[in-house]
Structures are given as structure tokens and as C-alpha cells.
Amino acid sequence: MSMLNLSGEIDLQMISKINTRYPGVPIKNVIVEPSPEQIISYKARIAKTPNIDNITFSWNNITAIEFEEQVDKVEQKEKYDFVHMIQMLYYVKDVPGTLSFFKSCLAPKGKLMITLVSGNNGWSTLWKKYSNRLPLQELTAAHIMEILSSMGARYQSYELLSDMDITECFIEGNRNGELLLDFLTATCDFKSNAPAELRDEIINDLKTPECSSHRDGKVIFNNNFSVIVVESD
């Protein structure tokens, strides 16, 4: 099962790996994605992807909570060998409830894979300092592992190194830089709409070692993230 796919790039990479190891084995991929645009993009990718005749795709243009409500109405609940939540838990209101539900969807020996930002990167620095001034939700791997531990769930966690060149954020009038700032602050037209004091403060913080490193004249944002793999009961 795929949760909020971001147009399917990662799904299709996973499917390619599985097909290489288990050629021809039938795979059912259940997609839960509330954005019609992302589903259209995903289907366009499928049309260009070879050697996936053994894959069936089930499309659910709904949110995670709507999917849960839909499943709860069915007497015989389907179980899944693998469920992934790639950068999606930021968008749910009841994180413990969502984790509990999708863990219950696992078949014996099934796995639930969660990815989200690490607690030791530039995002966590921004969240801690600006969460009351920006629409940023502080949710890191540490929070998720605490919830999983309280549930008695078995899991392993892995840290993956990642970075992002944000040099263009500091070039006046650079459109790519302005869009990057929107992304980093979760605010549309941040540079134009934010109070000057807040804008200057964040731009300065993005250059600090707590957020970024400086290499070859570029500002490289620390984008490390964590992968948590949860075992079925």
C-alpha cells in the first residue's frame, strides 16, 4: 500500500527493485492520495514504465483518514505485506491513531516504512525557533519512535544523509530562491508577505551551521531524514 505518493516516483523505483528480485510475481499496489494532480502524474509515469504487466494499481483519491473510515466499514479487511508513509505524517491530525490503524493493516511478517525528517537537521532548527510564527509542524523521527514505543511496536530506525543547495535563496530577485524559501517556511510568497524582521532573521539563520554548511561558495541545507521500519504484530 502506498500512502501519499508524490506522483509515484518512489513507488515505481520500489516496484522495479521487487520485480528484479522476484520477476513475474503478481503485485497489487493500493494508492491513497488526496491530490488528483498527483494521481494524474502517477498514471502518466506508469504509462512510460516498461515491464510492469504483473502490477495492478488500485486508486483511492482520498485522505488517509477517509481511507481508514472506508476500511472500517468492510467486514473482511485486506492485509498488506508492505505499507509506506513517505513524508506523509505531517499531513495527518491524529498521528498515533494513523500509525495504529496502518500497523493493523499489515499481514504477518509485513512491514510499515515511515520516512520523515531527522531530529538533527536544518528543519528541526527552524521548527524549534519559528513554529509559533510559521505554519510549521514539529514532527521528527524521535516523536514517532516515542509513539511507537508507547504502542509496544517493534521497529528499527535508520538515518539517511541528505542535503539541498539553497544558495539561490540569498540572491535578490531569484525566482527559484523565492520558491525555495516558500518551501522551507511552508508559506506562499514568503519573501513578499513576511514581516521584514522575520524574513531577515530566517534568511540569516539559514546560513548558520545549525541549518547549513558552506561548500565551494554554496549554501547547503542539512536535509537529513530518518527511515523507521515497523514490524507487524
Q | Salt bridge present between Arg133 and Glu197 (N-O < 4.0 angstrom) | A | no
Q) Sub-3.5 Å donor-acceptor pair from the side chain of Asn174 to the main-chain atoms of Gly177, do we have one? A) yes
Q. Would you say the side-chain atoms of Ser149 pair up with the backbone N or O of Glu146, donor to acceptor, closer than 3.5 Å?
A. no
Q. Which pair of non-hydrogen atoms, one from Ala64 and one from Met88, has the smallest distance, and what is that distance?
A. CB-CE, 4.0 Å
Q.
Surrounding CG of Asn51 (heavy atoms of other residues, nucleotides or ligands, distance under 6.0 Å), is the total greater than 12?
A. no
Q) Taking atom types as modelled and ignoring hydrogens, do the side chains of Asp11 and Asn29 form a donor-acceptor contact shorter than 3.5 angstrom? A) yes
Q) Do Trp123 and Leu198 share a hydrophobic cluster, counting only Ile, Leu, Val, Met, Phe, Trp and Tyr and linking them when any side-chain heavy atoms are less than 4.5 Å apart? A) yes
Q | Residue list, side chain to side chain contact (heavy atoms under 4.5 Å, CB included) with Pro50, at least two apart or on another chain | A | none
Q) Under a 4.5 Å side-chain heavy-atom rule over Ile, Leu, Val, Met, Phe, Trp and Tyr, are Met151 and Met85 clustered together? A) yes
(Q) Within the structure provided, determine whether Phe190 and Leu134 are in side-chain contact (heavy-atom separation under 4.5 Å). (A) yes
Which atom pairs, donor and acceptor, lie under 3.5 Å between side-chain atoms of residues 99-107 and protein residues at least two apart or in another chain?
{"unit_1": "Lys103", "atom_1": "NZ", "unit_2": "Asp233", "atom_2": "OD1", "d": "2.1"}
{"unit_1": "Lys103", "atom_1": "NZ", "unit_2": "Asp233", "atom_2": "OD2", "d": "3.4"}
{"unit_1": "Ser104", "atom_1": "OG", "unit_2": "Phe101", "atom_2": "O", "d": "2.4"}

Q. Distance-only, no hydrogens or angles: does the Thr115 side chain make a donor-acceptor pair with backbone N or O of Gln87 under 3.5 Å?
A. yes
(Q) Under 3.5 Å, is there a donor on one side chain and an acceptor on the other for Asn120 and Asn224? (A) no
Q.
Taking CD in Glu66 as the centre, count heavy atoms belonging to other residues, nucleotides or ligands within less than 6.0 Å. Is the count above 12?
A. yes
Q) Which residue, Asn204, Leu126, Asn222, forms the side-chain contact (heavy atoms from CB on, under 4.5 Å) with Cys211? A) Leu126
Q. Looking at Asn54 and Val25, what are the two nearest heavy atoms and their distance?
A. ND2-O, 2.8 Å
Q) Once you round to the nearest 0.5 Å, how far does CZ of Phe221 lie from CG of Leu180? A) 10.0 Å
Q.
Donor-acceptor pair, distance only, cut-off 3.5 Å: does the side chain of Ser226 make one with the backbone of Ala141?
A. no
Q. How close do Glu33 and Ile39 get, heavy atom to heavy atom, and via which atoms?
A. O-CD1, 3.5 Å
Q) Would one find more than 12 heavy atoms of other residues, nucleotides or ligands at under 6.0 Å from atom CG of Asn193? A) yes
Q) Shortest non-hydrogen contact from Pro23 to Thr20? A) CD-O, 3.8 Å
Q: Quick one: do Ser58 and Thr56 satisfy side-chain contact (heavy atoms from CB on, under 4.5 Å)? Show the steps, please.
A: CA-CA 7 Å; Ser58 174; Thr56 58; over 6 Å; no
(Q) Would you say Ile65 ends up clustered with Val32 if hydrophobic residues are merged whenever their side chains have heavy atoms under 4.5 Å apart, either directly or through other cluster members? (A) no
Q | Rounded distance [0.5 Å steps], CG in Leu139 versus CH2 in Trp127 | A | 6.5 Å
Q.
Please determine whether the number of non-hydrogen atoms from other residues, nucleotides or ligands lying under 6.0 Å from atom NZ of Lys77 exceeds 12.
A. yes
Q) Looking only at atom types and distance, does a side-chain atom of Thr140 sit under 3.5 Å from a main-chain N or O of Val117, one as donor and one as acceptor? A) no
Q. Between atom OG of Ser213 and atom NZ of Lys218, what is the distance when rounded to the nearest 0.5 Å?
A. 12.0 Å
Q) Between Leu184 and Leu206, is a side-chain contact (heavy atoms from CB on, under 4.5 Å) present by the stated rule, with each step listed? A) CA-CA 10 Å; Leu184 291 166; Leu206 285 172; 4.1 Å; yes
**Q.** Single-linkage hydrophobic cluster, 4.5 Å side-chain cutoff, Val229 and Phe82 together
**A.** yes
Q.
For Tyr90, I'd like to know if atom OH has over 12 heavy atoms of other residues, nucleotides or ligands within 6.0 Å.
A. yes
Q: Flag the pair Asn19 / Ile27 as yes when at least one side-chain heavy-atom distance between them is below 4.5 Å, and no otherwise.
A: yes
Donor-acceptor pairs under 3.5 Å, side chain of residues 161-171 to any protein atom, not counting sequence neighbours: which ones?
{"unit_1": "Ser162", "atom_1": "OG", "unit_2": "Asn223", "atom_2": "ND2", "d": "3.2"}
{"unit_1": "Asp163", "atom_1": "OD2", "unit_2": "Arg215", "atom_2": "NH2", "d": "3.0"}
{"unit_1": "Asp165", "atom_1": "OD1", "unit_2": "Thr167", "atom_2": "N", "d": "3.0"}
{"unit_1": "Asp165", "atom_1": "OD1", "unit_2": "Thr167", "atom_2": "OG1", "d": "2.5"}
{"unit_1": "Thr167", "atom_1": "OG1", "unit_2": "Val219", "atom_2": "N", "d": "2.9"}

Q. For Met145 and Ile228, which heavy atoms make the closest approach, and how far apart are they?
A. CG-CD1, 3.7 Å
Q | Heavy-atom check, side chain of Thr63 versus side chain of Tyr91, under 4.5 Å | A | no
Q | Interatomic distance, Thr49 atom OG1 to Leu12 atom CG [nearest 0.5 angstrom] | A | 4.5 Å
Q: Evaluate the ring planes of Trp59 and Phe57, with Trp represented by its six-membered ring, and classify them as parallel (under 30°), tilted (30 to 60°) or perpendicular (over 60°).
A: parallel
Q | Validation row: Ile52, Ile15 side chains within 4.5 angstrom (heavy atoms) | A | yes
Q: Answer yes or no: are there more than 12 heavy-atom neighbours, outside Asn132 itself, under 6.0 Å from its atom CG?
A: yes
Q: Taking all non-hydrogen atoms of both residues into account, name the closest pair between Gly119 and Ser124 and its distance.
A: O-OG, 3.0 Å
Q | Single-linkage hydrophobic cluster, 4.5 Å side-chain cutoff, Phe67 and Val95 together | A | yes
**Q.** Heavy-atom side-chain contact between Val227 and Met113 under 4.5 Å
**A.** yes
(Q) Can you tell me how far apart CD (Glu69) and CD1 (Ile62) are? Round to the nearest 0.5 Å. (A) 9.0 Å
**Q.** Under 3.5 Å: donor-acceptor pair, side chain of Ser118, backbone of Asn121
**A.** no
Q.
Looking at Lys79, I want to see if its NZ is surrounded by more than 12 non-hydrogen atoms of other residues, nucleotides or ligands under 6.0 Å.
A. yes
Q.
Using 0.5 Å steps for rounding, measure from the CD1 atom of Ile144 to the OH atom of Tyr155.
A. 10.5 Å
Q) Is there a donor-acceptor pair closer than 3.5 Å between any side-chain N or O of Arg154 and the backbone N or O of Ser232? A) yes
